[in-house]
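What follows is a set of notes on a single structure, which appears directly below.
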Protein chains: 2
Amino acid sequence: MIVMEKTPTSPVSRERSREIKRLSVISAAREARVLSRADLAELTGLPPATLTALVRDLVAEGYLIERGPGSGTNTTGRPRAMLEFNPRAELVAAVSLEPPRITCEIADSNGAVIAHRTARLAGDMVETVCQFVLELVDDARPSLRGVAIAVPGVSVDGAVRLAPSVGLVEARPIGQSVQHELGVPVIVDNDVNLMAAGERVAGAGKDVDDLLLLHVADGIGAGLVLDGKVRRGASGAAGEVGFLPLDGFTDRAYSGVGPFEAMWSANAIAERVVALHPGRRPESPVSELVRLAESSVAARAYLDEVLGAWARLIISCACVVDPGRVLLSGAAAQLDDAALARMQDLVSAKAPAATEVRRAVLGDQAVLHGAISYALSAAVRLPSIP
Amino acid sequence: MIVMEKTPTSPVSRERSREIKRLSVISAAREARVLSRADLAELTGLPPATLTALVRDLVAEGYLIERGPGSGTNTTGRPRAMLEFNPRAELVAAVSLEPPRITCEIADSNGAVIAHRTARLAGDMVETVCQFVLELVDDARPSLRGVAIAVPGVSVDGAVRLAPSVGLVEARPIGQSVQHELGVPVIVDNDVNLMAAGERVAGAGKDVDDLLLLHVADGIGAGLVLDGKVRRGASGAAGEVGFLPLDGFTDRAYSGVGPFEAMWSANAIAERVVALHPGRRPESPVSELVRLAESSVAARAYLDEVLGAWARLIISCACVVDPGRVLLSGAAAQLDDAALARMQDLVSAKAPAATEVRRAVLGDQAVLHGAISYALSAAVRLPSIP
DNA sequence: ACCGTTTCTTCCTACTATGAAGAAAATGCT
DNA sequence: AGCATTTTCTTCATAGTAGGAAGAAACGGT
């Protein structure tokens with residue numbers, strides 16, 4: 001009747017107290033960037049005596065850098081000795097798997113990329129990822145805090161499952177293998193989830209705890225951040241909004257492609273744009289459609305259809321999770337200001353709660369920032385208390 | 001650049017360590033019901049020496065009861081002295097506001113109701129709630145851990161907003177007022193959210209961390225539990241699935257009633273049932289429809305329409321949040337086994353991930369169990385560590 | 001040059017986390 | 001019946017520490 005998993009250690013052990021204090025200080029410093037010991041005392045609640053020793057250790061380890069007296073607001077009293085958080089003390093590897101390509105970037109916890117490499121995927125995936133990370137990290141390996149691997153399609157428990165448009169086949173859990181090889185936490189997730197996480201920590205969602213990122217590309221997917229946490233779903237399929245049954249009774253669904261995305265993805269839009277304006281298939285189909293709509297009644301009508309469809313998707317999501325803010329990414333971010341305003345109006349008319357629609361702002365950097373937030377969360381996670 | 005809210009206390013203070021130890025033991029005991037000190041050592045990680053003193057305190061306070069030697073599995077050695085968790089040490093008040101009625105129940109943390117009262121709402125709501133709670137708790141007031149207030153419609157930050165079908169008007173935050181009067185934590189939430197929480201802790205969702213409860217009554221609403229936590233939404237409007245735009249271009253929406261629920265709520269179904277089989281309006285319209293479908297082709301066709309619509313709603317929710325399990329409540333729970341199986345088939349055919357459809361099992365008790373879980377969570381919450 | 005103020009460091013001690021030792025309570029064996 | 005062994009629970013002892021107090025440092029103002 002009492003089932004034991006991992007035997008817990010004492011929640012008030014000395015080791016744990018030490019970790020909690022370190023985490024408090026590191027988190028406060030990472031967020032403030034530059035601050036004094038007095039600031040740390042206020043932010044963490046730790047007494048000055050405790051902080052003296054702790055800061056000494058963190059300076060020795062390279063997390064904090066003494067920066068000399070600061071321009072404090074006090075007119076009297078001993079000037080504060082300012083400390084600067086060293087983002088280079090925490091490196092993160094962000095790996096993107098987009099068969100046939102693999103991209104690897106090493107960044108510090110500020111998001112500054114210090115090394116990167118792109119190559120064709122060949123041979124064993126786990127070996128390739130480990131090799132790239134180790135080569136790029138070079139002699140900064142002790143500062144590597146974690147690895148985040150972005151994949152198209154749904155990941156479940158670290159196993160990569162079929163992504164419809166790229167033919168990635170299910171492999172043994174690569175996250176666990178890489179973690180075993182590199183000895184740091186490794187997180188594998190859908191690239192749209194990583195984008196959502198990235199916009200949350202460093203982009204258009206920095207000031208909210210809840211958002212939905214709508215990504216329109218070959219498929220249509222959404223990343224959800226709810227209460228500050230990415231929502232993956234019971235089977236890892238949260239955000240599969242391409243499968244929403246919004247257009248009544250269409251039976252165009254085929255394996256791996258949802259009915260909604262079959263009609264409203266960037267691919268589908270590109271086909272219509274070519275039909276409306278014969279010529280080469282546009283690289284940016286939504287930009288092209290917006291351009292055509294300026295002078296073509298048919299294009300304008302089609303743009304209205306697209307906006308209506310995407311609005312219904314957003315309203316559906318608003319009804320279910322009430323994210324408060326929706327970020328448009330990929331082809332959806334190509335809408336101009338007028339179209340974006342139209343979209344906002346359509347959503348506001350029917351959504352049951354205030355739902356703000358904006359463009360995502362990080363673009364290609366979103367996955368990287370998402371990877372950083374994932375890796376740092378995994379690196380310093382304390383076991384939870386019931 | 002450094003913004004201070006409430007000055008934090010030390011995360012490793014002696015007071016906090018004491019609270020953490022108490023919480024660990026109380027939580028483990030509440031879950032196990034009967035266990036020994038050795039069990040507590042294994043479950044919490046606290047050393048035996050620590051537990052001796054702590055258990056003595058909790059026995060003195062009435063949380064634990066000494067139960068004498070247990071029938072242990074050991075063949076030798078000192079027998080375990082079993083302890084029993086005392087649910088009466090933790091009382092919870094669950095208040096239901098359904099204008100013009102108010103219902104109040106006092107229950108222990110097992111869900112056993114020890115007192116209840118229903119009356120017409122008259123006079124000041126805060127005074128009425130406080131009066132009922134105090135009268136029912138009587139001299140067990142020291143054991144009152146919290147109050148949960150269930151309201152129809154969306155609650156936001158403790159303020160009750162308009163519930164479409166019952167005309168409840170926005171009031172000043174009643175949760176804060178009641179909390180101030182009673183001196184215990186008070187949570188106010190939508191009754192469907194409380195149902196979902198209740199099924200999660202004590203009903204059809206006990207074995208999962210994620211579920212969606214679909215409640216069909218005068219309106220249609222959903223309660224979401226994601227990663228063990230109720231999802232309320234940025235504006236408190238998560239689960240407003242009655243507003244889903246699933247039936248194309250209907251313009252039947254009017255103030256406060258969503259387009260989907262206008263067509264597929266229990267009210268709408270009752271109207272059609274009367275049209276199909278003239279007579280008195282049925283008390284249980286879905287049961288009646290299922291019965292009529294046995295012998296009427298028209299009724300059977302309409303039942304198929306209802307199942308199809310509800311399935312599209314469930315598929316929409318599965319696409320967005322991937323709950324893994326959907327519980328049917330209210331009128332939706334009136335479906336018979338055959339209809340439930342049809343519903344499951346429809347959902348399985350189109351949902352992007354495995355989505356199990358079941359009936360909720362707690363019925364009227366769901367809100368109570370939800371209230372218990374809310375109140376206990378609020379009563380023993382520790383401030384989080386960054 | 002001195003005083004007052006604020007920040008940071010050192011000192012000190014009451015408290016405590018927990019290992020070790022001891023006591024209690026059983027079963028099994030002879 | 002008595003003893004050995006085992007397991008559980010209690011008591012004891014101590015190394016470590018959380019944090020208050022005292023002291024030192026570093027300014028600005030007079």
Side-chain angles (χ1 to χ4, degrees), chain A residues 2 4 7-25 29 32 34-60 64 66-83 385, chain B residues 2 4 7-25 29 32 34-60 64 66-83 385:
Chain A
I2 291 164
M4 256 74 83
T7 304
T9 57
S10 171
V12 293
S13 69
R14 300 218 154 110
E15 289 72 31
R16 186 186 178 92
S17 287
R18 239 176 271 126
E19 271 308 299
I20 288 170
K21 287 184 287 185
R22 278 177 62 89
L23 177 57
S24 292
V25 172
V34 173
L35 78 185
S36 69
R37 289 164 181 80
D39 294 324
L40 279 171
E42 286 232 44
L43 291 168
T44 64
L46 291 162
T50 302
L51 283 163
T52 295
L54 197 45
V55 166
R56 181 180 299 128
D57 291 344
L58 293 173
V59 167
L64 296 173
E66 296 271 10
R67 273 284 172 262
S71 50
T73 55
N74 299 342
T75 53
T76 60
R78 178 175 173 175
R80 299 177 166 195
M82 306 307 290
L83 302 158
I385 297 169
Chain B
I2 291 164
M4 256 73 82
T7 304
T9 57
S10 171
V12 295
S13 68
R14 296 206 164 121
E15 290 72 30
R16 187 186 176 90
S17 288
R18 237 175 272 125
E19 272 307 302
I20 288 171
K21 288 184 288 186
R22 277 178 63 89
L23 176 57
S24 293
V25 172
V34 174
L35 78 185
S36 70
R37 290 164 177 80
D39 293 326
L40 279 170
E42 286 232 45
L43 291 169
T44 63
L46 291 162
T50 302
L51 284 162
T52 295
L54 198 48
V55 166
R56 180 182 298 129
D57 292 344
L58 293 173
V59 166
L64 295 172
E66 295 272 10
R67 273 283 172 260
S71 49
T73 54
N74 298 344
T75 53
T76 59
R78 181 175 173 174
R80 300 176 165 197
M82 305 310 287
L83 302 158
I385 297 169

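The model shown is predicted, which means the values in this text are computed figures rather than measured ones. All chains are named by letter (A, B, ...) in the order of the sequence lines, taking the proteins before the strands, and each is independently numbered beginning at 1.
- With rounding to whole Å, Asp57(A) atom CG is found 15 Å from dT9(C) atom C1'.
- Between Ser17(A) and Val12(A), the closest heavy-atom pair is OG-O, 4.2 Å.
- In this structure, Arg37(A) reaches the dT9(C) phosphate: one of its side-chain N or O atoms is under 4.0 Å from OP1 or OP2.
- Residue order along DNA chain C, read from the 5' end via each residue's closest nucleotide, puts Leu51(A) first among Leu51(A) and Ser10(A).
- To the nearest 0.5 Å, atoms CZ (Arg80(B)) and CG (Asp39(B)) are separated by 4.5 Å.
- One interatomic measurement links the two molecules: CZ of Arg16(A) to C1' of dT17(D), which rounds to 17 Å at whole-angstrom precision.
- The side chain of Thr76(B) has dG28(C) as its nearest neighbour among dT17(D), dG28(C), dC8(C).
- Dashed line: the shortest gap from a side-chain N or O of Arg56(A) to OP1 or OP2 of dC8(C) is not under 4.0 Å.
- When rounded to the nearest whole Å, the span between CD of Glu66(A) and P of dA26(D) equals 13 Å.
- Whole-Å rounding puts the Leu54(B) CG to dT10(D) C1' distance at 15 Å.
- Between Glu66(B) and Arg37(B) a salt bridge is recorded (basic side-chain N to carboxylate O distance below 4.0 Å).
- Among the protein residues, Ala38(A) comes within range of the sugar-phosphate backbone only, with heavy atoms under 4.0 Å from sugar or phosphate atoms but none that close to a base.
- The side chain to side chain donor-acceptor pair (under 3.5 Å) search around Arg18(B) returns none, not counting sequence neighbours.
- Looking at heavy-atom distances under 4.0 Å, Arg14(B) makes contact with a base.
- In this structure, Arg18(A) places its CZ atom 11 Å from P of dT18(C), rounding to the nearest Å.
- Nucleotide dC8(C) holds its P atom 12 Å from the CD atom of Glu42(A), rounded to whole Å.
- Of the two residues contacting DNA chain C, namely Ala49(A) and Ser13(A), the nearest-nucleotide position lying further toward the 5' end is that of Ala49(A).
- Taking only side-chain atoms of Thr50(A), from C-beta outward, the nucleotide of dG19(D), dT5(C), dC8(C) with the closest atom is dG19(D).
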Without placing hydrogens or testing angles, list every side-chain donor-acceptor pair under 3.5 Å for residues 44-51 of chain A, not counting sequence neighbours.
unit_1: Thr44(A); atom_1: OG1; unit_2: Leu40(A); atom_2: O; d: 2.7
unit_1: Thr44(A); atom_1: OG1; unit_2: Leu46(A); atom_2: N; d: 3.2

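- At whole-Å resolution of the value, CG in Leu83(B) and C1' in dT8(D) are 12 Å apart.
- For dA17(C), one of the phosphate oxygens OP1 or OP2 lies less than 4.0 angstrom from a side-chain nitrogen or oxygen of Lys21(B).
- Which of dC9(D), dA18(D), dT9(C) sits closest to the side chain of Pro48(A) comes down to dT9(C).
- As a whole-Å value, the separation of Arg80(B) CZ from dC9(D) C1' is 12 Å.
- Listed nucleotides dT10(D), dA25(C), dA18(D) differ in distance to Arg78(B); the shortest reach to its side chain belongs to dA25(C).
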